[in-house]
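Okay, so here's the structure we're looking at.
These numbers were taken from a predicted model, which means no experiment stands behind them.
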Amino acid sequence: MSREPNYEFQEWWNKQREKNHDFFTNDSNNANKGFLTVEIRSLNPDLTTEKDRSRSARQLSWICLLRFQQLANSLAWITNSFLLLLRTANRRISAADSPCDSSASRLYRIIKFFLVLVVLLLCVELVAYFKGWHFSPPSAASAEAAVELFYALWLEIRADYLAPPLQSLANVCIVLFLIQSMDRVLLMLGCLWIKIRRIKPTASMEYPMGRVETGNVDDYPMVLVQIPMCNEKEVYQQSIAAVCILDWPKERMLVQVLDDSDELDAQNLIQAEVQKWHQKDFQPAPDFLKKTIPHFKGNDDLALVQARWAFVNKDENLLTRLQNINLSFHFEVEQQVNGVFINFFGFNGTAGVWRIKALEDCGGWLERTTVEDMDIAVRAHLCGWKFVYLNDVKCYCELPESYEAYKKQQYRWHSGPMQLFRLCFLDILHSKVNKAKKANLIFLFFLLRKLILPFYSFTLFCIILPLTIFLPEAELPAWVVCYVPGIMSVLNILPAPRSFPFIVPYLLFENTMSVTKFNAMISGLFRLGNSYEWIVTKKLGRSSEADLVAFENESDSSVTETTSFLRSSSDSGLEELSKLEVTSRRSVKTKRNRLYRMELTLAFILLSAAGRSLLSAQGELTVGHYRCHLESELQVTLTQHLLTNNSNFGVTGSGLKQFSIGHSLYGCQNANCEATCHWLKYKVCTKQKGIFEED
């Protein structure tokens with residue numbers, strides 16, 4: 001079909017030609033007269049014509065159908081993604097296959113109950129928000145609908161019955177939090193004093209470096225080295241090798257490998273490693289014993305010399321970096337300050353040298369708790385023995401790299417001290433040590449650092465903080481929620497300054513781990529669940545024998561002859577190890593990230609509280625605010641009447657005092673109510689001089 005002529009354009013073109021006769025002109029200045037110059041001008045917007053473009057009903061229907069199809073596809077995609085996320089999360093949620101998880105079922109049910117409660121409260125607050133009840137709360141007398149009556153009763157119940165006990169519990173936790181924070185500050189000040197004064201334990205003698213001649217060993221005491229193991233197939237080889245290459249006369253050292261493994265493969269590997277070292281001579285190697293044994297000379301009351309832990313995999317992942325923050329503070333600050341000022345600290349279980357006489361005096365190793373190292377340290381302290389901590393002597397070890405292994409380790413570390421406290425409390429009271437040492441053991445060592453710390457960290461920041469958002473009548477000061485925890489986190493990171501970029505993940509990580517620590521503390525104190533079951537912390541064997549020597553070479557360049565020996569010895573036992581690797585490769589499964597139900601439930605509680613706080617940010621009147629608002633309106637009306645009539649009727653000092661009834665009875669902190677109160681006071685005082693006095 002031929003296209004219809006555009007008459008509108010033709011008409012416009014003719015008008016332009018008549019109006020602008022020079023629209024097409026010949027350029028007289030142009031040298032070439034054969035060319036036609038066209039001048040294009042901007043069109044006058046007033047002359048433009050607008051054409052209505054209308055769509056037919058059929059086109060509109062097709063557009064609507066297209067929009068609906070796009071919307072349906074988007075909703076289907078969102079639904080499928082959400083269902084896929086739920087299925088994946090359900091597959092990866094950690095089951096209760098460990099003692100800490102099985103004993104945490106009670107705590108998990110409590111946290112789940114709180115989650116259901118806060119979700120219901122969030123739904124109630126959403127309904128109230130859309131009804132406008134946040135700005136004008138209803139009363140039970142004027143309520144018309146059942147929902148309005150329910151919300152009015154809820155406001156009364158939370159203000160009169162729920163908020164006061166919650167506020168009392170919050171105040172108790174705040175006091176405990178401040179006490180524990182002061183303890184951290186004092187420890188940091190003690191550590192700063194040690195650094196400034198350069199205080200460190202000194203030995204009365206020193207052993208010469210290098211290999212000891214066979215006939216010159218009378219000055220070297222007999223040393224017993226114990227290596228406890230339990231199914232540790234990843235680290236058995238380097239552990240035995242690190243002990244057997246100690247720079248100490250072989251005639252004066254006895255090595256015991258205490259194997260409690262119940263797996264046959266692990267038993268065979270450890271036995272083969274022990275037989276291999278029976279056939280070798282001891283070689284010059286790390287000088288751990290030469291740096292620790294001299295402190296026993298001339299100190300007959302010294303029972304333990306503890307060295308510091310260092311970690312070969314502290315930069316492996318985010319979890320190991322966060323662990324390094326806590327352990328650096330523990331060794332750099334807690335252990336060092338306690339060792340210098342009170343000569344007592346908890347034995348760390350390894351990297352320590354004990355006097356055998358002290359072990360016999362306090363009753364030896366006992367298996368009554370899962371922290372036998374702390375148990376023997378407390379009993380030795382009660383017998384009058386002293387401890388020395390060497391911060392400059394390092395013993396390298398490995399941090400757990402998975403959250404599951406770390407969680408089991410922390411469960412044992414926090415349930416064991418409560419078991420020990422319950423067992424030795426009466427022994428501490430009846431011991432012969434002075435009252436200061438008894439008070440330090442009971443109040444600082446056990447109660448403050450082992451019981452109060454996990455109690456308030458979980459109760460205050462995981463339970464009370466979300467509830468105060470749903471019960472605004474109970475308040476937590478901003479310095480408790482933000483400032484003091486931030487300052488304490490900075491103090492904790494100071495011993496590991498390279499970890500400052502991880503301060504925010506560290507805060508979140510400590511809040512998450514408080515659930516496990518609180519559960520472990522309660523289980524150990526009241527003997528709940530399988531709190532007495534001892535589980536080996538899973539290691540990956542990151543540190544090889546060559547790694548150990550490399551770290552020693554960094555700290556002491558004099559040790560240079562051991563590298564070739566260690567690398568050759570690391571090839572020993574390859575046949576036994578290869579057999580184990582072949583069988584383990586067949587059973588290896590692909591590692592996937594796991595979700596932990598208790599931590600996940602806690603995260604949803606905090607998210608619900610965050611959603612409730614968004615509603616509070618839009619404005620809200622609590623019951624105290626509302627009552628104060630009503631009292632303010634009544635008093636303003638009365639005062640305006642008095643000022644209008646120029647009357648002193650009933651206006652006395654008590655009248656102004658009565659006006660602030662909302663502030664005195666209900667603790668209202670609404671800025672509008674306070675501003676109204678001050679305005680009213682000013683008006684009355686200026687109108688009737690001499691009756692009132694400015695407060």
- Would you find more than 12 non-hydrogen atoms of other residues, nucleotides or ligands less than 6.0 Å from Tyr403 atom OH? yes
- Note on the structure: In this structure, CG of Leu269 is separated from CE of Met229 (nearest 0.5 Å) by 11.0 Å
- Sub-3.5 Å donor-acceptor pair from the side chain of Arg308 to the main-chain atoms of Cys395, do we have one? no
- Message: Do Gln180 and Leu448 have side chains that approach each other closer than 4.5 Å (heavy atoms only, starting at C-beta)?
- Response: yes
- Under 3.5 Å, is there a donor-acceptor pair between the side chain of Gln306 and the main chain of Thr350? yes
- Query: Are Asp361 and Lys357 close enough for a salt bridge, meaning some N to O gap below 4.0 Å?
  - Reply: no
- Does Val378 reach the side chain of Asp427, with side-chain heavy atoms less than 4.5 Å apart? no
- Query: Are any of the side-chain heavy atoms of Asn440 and Ile342 separated by less than 4.5 Å?
  - Reply: yes
- Quick one: closest heavy-atom pair of Pro400 and Leu319, and the distance? O-CD2, 4.1 Å
- Residue pair Lys297 / Ser204: nearest heavy atoms and the distance that separates them: O-OG, 3.0 Å
- Message: Under 6.0 Å between ring centres: does that hold for Phe288 and Trp248?
- Response: no
- Message: Run Asp247 and Lys290 through side-chain contact (heavy atoms from CB on, under 4.5 Å) and show every step you take.
- Response: CA-CA 7 Å; Asp247 188 9; Lys290 288 187 175 181; 3.0 Å; yes
- Are any of the side-chain heavy atoms of Ile493 and Val490 separated by less than 4.5 Å? no
- Considering all heavy atoms of both residues, which atom of Ile293 and which atom of Pro221 are nearest to each other, and what is their separation? CG2-CG, 3.6 Å
- Message: Here's a test for you: under side chain to side chain contact (heavy atoms under 4.5 Å, CB included), which of Ile270, Asp260, Asp262 qualifies with Asn231?
- Response: Asp262
- Message: Distance check, rounded to the nearest 0.5 Å: His330 atom NE2 versus Leu327 atom CG?
- Response: 7.0 Å
- Message: Apply salt bridge (charged side-chain N to carboxylate O under 4.0 Å, His left out) to residues Glu334 and Arg449 and explain how you reach the verdict.
- Response: CA-CA 11 Å; Glu334 289 184 2; Arg449 297 169 188 166; 5.4 Å; no
- Query: How about Asp183 and Leu444: do any of their side-chain heavy atoms sit closer than 4.5 Å?
  - Reply: yes
- Heavy-atom donor-acceptor pair, His414 side chain to Gln410 backbone, under 3.5 Å: yes
- Ring centroid separation for Phe425 and Phe421, is it under 6.0 angstrom? yes
- Item | Sidechain N-carboxylate O distance under 4.0 Å for Lys517, Glu510 | yes
- Message: Within the structure provided, determine whether Leu476 and Ile174 are in side-chain contact (heavy-atom separation under 4.5 Å).
- Response: yes
- Arg184 and Asn492: side chain donor to acceptor below 3.5 Å: yes
- Heavy atoms from other residues, nucleotides or ligands near CZ of Phe341 exceed 12 (cutoff 6.0 Å): yes
- Query: Would a distance-only check, ignoring hydrogens and angles, find a side-chain to backbone donor-acceptor pair under 3.5 Å from Ser415 to Ala520?
  - Reply: no
- Query: Taking Thr516 for the side chain and Tyr411 for the main chain, is one N or O donor matched with an acceptor at less than 3.5 Å?
  - Reply: no
- Going by atom types only, do Glu401 and Asn313 share a side-chain donor-acceptor pair under 3.5 Å? yes
- Met521 to Met418 - nearest heavy-atom pair and separation: O-CG, 3.5 Å
- Look only at the side chain of Thr369 and the backbone of Leu420, and say whether a donor-acceptor pair between them is shorter than 3.5 Å. no
- Item | Residues, nucleotides or ligands: over 12 heavy atoms within 6.0 Å of Lys386 NZ | no
- Task: Might you work through the ring pair (Phe, Tyr, Trp, His ring centres under 6.0 Å) test for Trp354 and Phe296, ending with a clear yes or no?
- Result: CA-CA 10 Å; Trp354 278 91; Phe296 289 96; 9.4 Å; no
- Item | Side chain Asp375, main chain Val371, donor-acceptor under 3.5 Å | no
- Distance-minimising heavy-atom pair for Arg422 and Leu525: NH1-O, 3.3 Å
- Take Ile356 and Glu360 through the side-chain contact (heavy atoms from CB on, under 4.5 Å) test and state the conclusion after the steps. CA-CA 6 Å; Ile356 295 181; Glu360 295 174 348; 3.7 Å; yes
- Could you grab the distance from atom OG of Ser489 to atom CZ of Phe502, nearest 0.5 Å is fine? 15.0 Å
- Message: Is any side-chain heavy atom of Asp315 closer than 4.5 Å to one of Thr320?
- Response: no
- Under 3.5 Å, is there a donor-acceptor pair between the side chain of Asn519 and the main chain of Val515? no
- Message: Assess the residue pair Tyr506 and Asn326 against the criterion (side chain to side chain donor-acceptor pair (under 3.5 Å)); give the C-alpha distance rounded to whole Å, side-chain angles, the decisive distance to 0.1 Å, and a yes or no.
- Response: CA-CA 9 Å; Tyr506 174 72; Asn326 281 333; 2.7 Å; yes
- Test: Arg321 and Glu316 ion pair at under 4.0 Å: no
- Item | For Tyr406, side-chain hydrogen bond (donor to acceptor under 3.5 Å, both in side chains) partners two or more places apart | none
- Item | Expected output: side-chain Arg252 to main-chain Tyr220 donor-acceptor under 3.5 Å | yes
- Task: Give a yes or no on whether a salt bridge exists between Glu599 and Lys407, defined as a side-chain N under 4.0 angstrom from a carboxylate O.
- Result: yes
- Task: Decide if the gap between the ring center of Phe345 and the ring center of Phe445 is smaller than 6.0 angstrom.
- Result: no
- Message: Using modelled atom types and a 3.5 Å cut-off, is there a donor and acceptor pairing between side-chain atoms of Arg597 and backbone atoms of Tyr108?
- Response: no
- Do Phe311 and Tyr396 pass the ring pair (Phe, Tyr, Trp, His ring centres under 6.0 Å) test, and can you show the C-alpha distance, the side-chain angles, and the key distance before you say yes or no? CA-CA 5 Å; Phe311 310 103; Tyr396 292 93; 9.0 Å; no
- Heavy-atom distance under 4.5 Å between the side chains of Phe446 and Ile428, does that happen here? yes
- Item | Steps toward salt bridge (charged side-chain N to carboxylate O under 4.0 Å, His left out) verdict (Asp265, Lys233) | CA-CA 8 Å; Asp265 293 336; Lys233 295 176 288 190; 5.4 Å; no
- Item | Nearest heavy atoms of Gln419 and Thr370, plus distance in Å | OE1-N, 3.4 Å
- side chain to side chain donor-acceptor pair (under 3.5 Å) between Asn348 and Gln335, worked out: CA-CA 10 Å; Asn348 296 115; Gln335 298 290 77; 3.0 Å; yes
- Stepwise ring pair (Phe, Tyr, Trp, His ring centres under 6.0 Å) test for Phe455 and Phe177: CA-CA 10 Å; Phe455 171 77; Phe177 180 37; over 10 Å; no
Name every donor-acceptor pair, under 3.5 Å, that has one atom in a side chain of residues 188-201 and the other anywhere in the protein, sequence neighbours excluded.
from	atom 1	to	atom 2	distance (Å)
Lys195	NZ	Glu332	OE2	2.6

- Arg527 CZ: over 12 foreign heavy atoms closer than 6.0 Å: no
- Run the side-chain contact (heavy atoms from CB on, under 4.5 Å) check on Val433 and His381 step by step: do they pass? CA-CA 8 Å; Val433 297; His381 181 61; 5.6 Å; no
